[in-house]
Amino acid sequence: MFELDKIVRANIGRLRPYSSARDEFSGTASIYLDANENPYGSPLSQDFHRYPDPHQLALKKKISAIKGLPEQNIFLGNGSDEAIDILYRIFCAPGVDNVIICPPTYGMYEVSANINDIAVKNISLLPSFDLDVDQILTAQDGRTKLLFICSPNNPTGNSIHKEDIEFLIKKFNGIVVIDEAYINYSHQHSCIPLLTEYPNVVILQTFSKAWGLAGIRLGMAFASADIIYLMNKVKPPYNISENTQQLALQSLDNIEIVNKRIRETVQQRNKLALDLETLSIVQKVYPSDANFLLVRVLDAPATYAYLVSQGIIVRDRSRLQLCENCLRITVGTSKENEDLIYHLKTYSA
Ligand SMILES: *Cc1c(COP(=O)(O)O)cnc(C)c1O
């Protein structure tokens with residue numbers, strides 16, 4: 001049986017979090033002289049001289065309504081990347097514990113492991129880009145704390161089978177982290193409903209992709225109240241800036257615009273896939289549930305270099321395992337995609 005207390009690092013279990021001025025007095029007053037803020041304000045016209053809400057309550061309230069999840073199950077980070085780093089720091093003792101990652105996948109899981117001095121067990125995806133469930137379970141040992149599953153997966157674009165995810169959640173002794181950065185583009189539903197059934201799940205989502213807010217740095221983690229409590233203990237007190245909180249609040253009031261653009265991107269993705277398939281240099285366009293396509297060409301480095309010379313930047317992923325001669329192409333606007341196809345046609349002719 002999964003017991004959270006057994007897998008949390010002892011120092012984190014014991015940790016008493018920093019208590020901010022706003023934690024110690026959270027009512028309303030007429031004069032605030034408790035946080036060493038500047039009473040005159042900044043040279044900007046907008047007012048930023050107060051520290052932001054360390055608990056981001058207004059923002060969590062809105063996200064809670066949209067996601068159908070209580071606020072106590074929501075953590076907000078400076079991008080998903082902060083949530084990933086915090087999970088390492090809560091659960092993985094440097095030089096002692098290990099995690100399982102399934103490449104080819106998002107690079108930050110491994111970089112964050114290296115930063116935190118955590119060993120990585122790489123269990124490659126199958127050639128179909130599905131999880132190698134048996135190998136993952138064989139690889140876990142008494143010190144394996146986290147298993148990262150990215151669905152839809154970056155850079156392959158496919159969603160991971162729900163049955164595989166749920167099977168692993170049941171069998172894995174640590175925390176299963178499901179990264180849903182691209183879930184809004186997927187035909188598969190979010191794993192959020194699994195949270196009510198399983199205590200060892202963390203789901204990551206982000207404002208960087210479908211919400212079009214990569215620049216404000218805002219990521220979400222959904223998990224049991226006990227895990228979210230630990231994440232809040234470990235995070236820097238004011239990890240989400242006032243600016244970010246305000247802009248995210250405004251965006252959440254405009255969800256129809258976001259949904260319209262998601263539908264547009266999915267249409268463009270499907271059209272781009274068909275157009276790419278007509279090109280002689282294209283060997284395979286992998287099915288995608290995300291806002292990018294993994295495309296196998298005859299010579300990825302040469303195609304990449306040609307596109308750069310034409311002012312078009314894609315991602316050369318050909319050095320990753322199972323991605324030989326593959327480019328990862330983000331779906332652009334219809335004009336951008338047409339230009340891309342035009343240049344690739346010229347190149348293949
Ligand atoms: C883009 C991406 C993210 C987003 O990271 P942020 O730090 O929230 O911008 C997370 N996971 C994957 C797999 C991604 O591709």
Side-chain angles (χ1 to χ4, degrees), residues 56 59-60 63 67 74-89 99-113 115-116 120 122 125 129 131 146-160 165 175-186 188 190-192 201-223 231 235-236 239-241 243-245 247-248 251-252 258 261-262 265 269 286 288-294 313-317 320-323 326-332:
Q56 308 104 22
L59 196 46
K60 282 184 187 161
I63 293 170
K67 298 291 173 187
I74 301 172
F75 168 85
L76 297 179
N78 184 350
S80 315
D81 294 341
E82 184 177 45
I84 292 168
D85 179 67
I86 286 178
L87 289 169
Y88 275 103
R89 287 192 281 151
V99 301
I100 296 178
I101 293 172
C102 307
T105 192
Y106 187 45
M108 275 312 288
Y109 313 141
E110 180 158 16
V111 172
S112 212
I115 290 169
N116 287 289
V120 171
N122 281 299
L125 294 176
F129 296 151
L131 294 177
L146 305 173
L147 163 63
F148 285 91
I149 299 176
C150 188
S151 180
N153 186 42
N154 176 5
T156 57
N158 60 303
S159 292
I160 302 300
I165 295 177
I175 303 278
V176 178
V177 184
I178 308 168
D179 187 342
E180 295 188 335
Y182 300 98
I183 192 67
N184 307 79
Y185 303 105
S186 175
Q188 194 162 290
S190 166
C191 286
I192 285 177
V201 176
V202 175
I203 294 170
L204 303 178
Q205 292 187 5
T206 179
F207 281 82
S208 297
K209 308 287 157 63
W211 285 92
L213 289 168
I216 72 169
R217 308 307 300 131
L218 186 61
M220 299 171 269
F222 309 124
M231 296 182 81
K235 80 178 180 70
N239 63 328
I240 310 296
S241 78
N243 213 13
T244 293
Q245 295 192 41
L247 294 170
S251 300
L252 287 162
V258 174
R261 291 185 181 156
I262 291 169
T265 297
R269 174 189 78 205
Y286 289 90
S288 172
D289 252 352
N291 68 339
F292 57 84
L293 292 166
L294 188 72
I313 314 301
V314 299
R315 198 89 195 263
D316 180 358
R317 301 275 68 184
L320 301 182
Q321 54 193 296
L322 301 177
C323 294
C326 283
L327 301 174
R328 191 195 70 190
I329 304 178
T330 305
V331 178

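Read the numbers this way: they start at 1 and go in the same order the structure lists the ligands and their atoms.
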For Ala181, the ligand 1 atoms with a heavy-atom partner under 4.0 Å come out as 2 (C), 3 (C), 10 (C), 11 (N), 12 (C), 14 (C)
Ligand 1 atoms in contact with Tyr182 (distance to a heavy atom under 4.0 Å): 1 (C), 14 (C), 15 (O)
Give the residue and atom name of whichever protein heavy atom lies nearest to atom 9 (O) of ligand 1, and the separation in Å to one decimal. Ser208 OG, 2.7 Å
Tell me every residue that passes side-chain contact (heavy atoms from CB on, under 4.5 Å) with Asp81, counting only those two or more places apart in sequence or in another chain. Ile84, Tyr106, Met108, Arg217
Once the angle between the rings of Phe148 and Tyr109 is folded into 0 to 90°, is it parallel (under 30°), tilted (30 to 60°) or perpendicular (over 60°)? parallel
Enter the distance from Lys67:NZ to Ile203:CD1 here, rounded to the nearest 0.5 Å. 10.0 Å
Out of Ile63, Asp179, Ile192, Ile178, which one pairs with Gln205 under the side chain to side chain contact (heavy atoms under 4.5 Å, CB included) rule? Ile192
Does the ring centre of Phe75 sit less than 6.0 Å away from the ring centre of Phe222? no
Can you check which of Asn154, Leu213, Thr206 brings a heavy atom nearest to atom 8 (O) of ligand 1? Thr206
What are the atoms of ligand 1, with element, lying closer than 4.0 Å to any heavy atom of Cys150? 13 (C)
Taken to the nearest 0.5 Å, the spacing of Glu180 CD from Ser159 OG works out to 9.0 Å
For Asp81, the atoms of ligand 1 under 4.0 Å from one of its heavy atoms are 5 (O), 7 (O)
What is the closest protein heavy atom to atom 7 (O) of ligand 1, and at what distance does it sit? Arg217 NH2, 2.7 Å
Indicate, as side chain, backbone, both or neither, the part of Ser80 found under 4.0 angstrom from ligand 1 when only non-hydrogen atoms are considered. both
Rounded distance [0.5 Å steps], CE in Met220 versus CG in Leu204: 10.0 Å
Got an N/O contact under 3.5 Å between Asp179 and ligand 1? yes
Name the option, out of Lys209, Glu82, Met220, that contains the heavy atom nearest to atom 2 (C) of ligand 1. Lys209
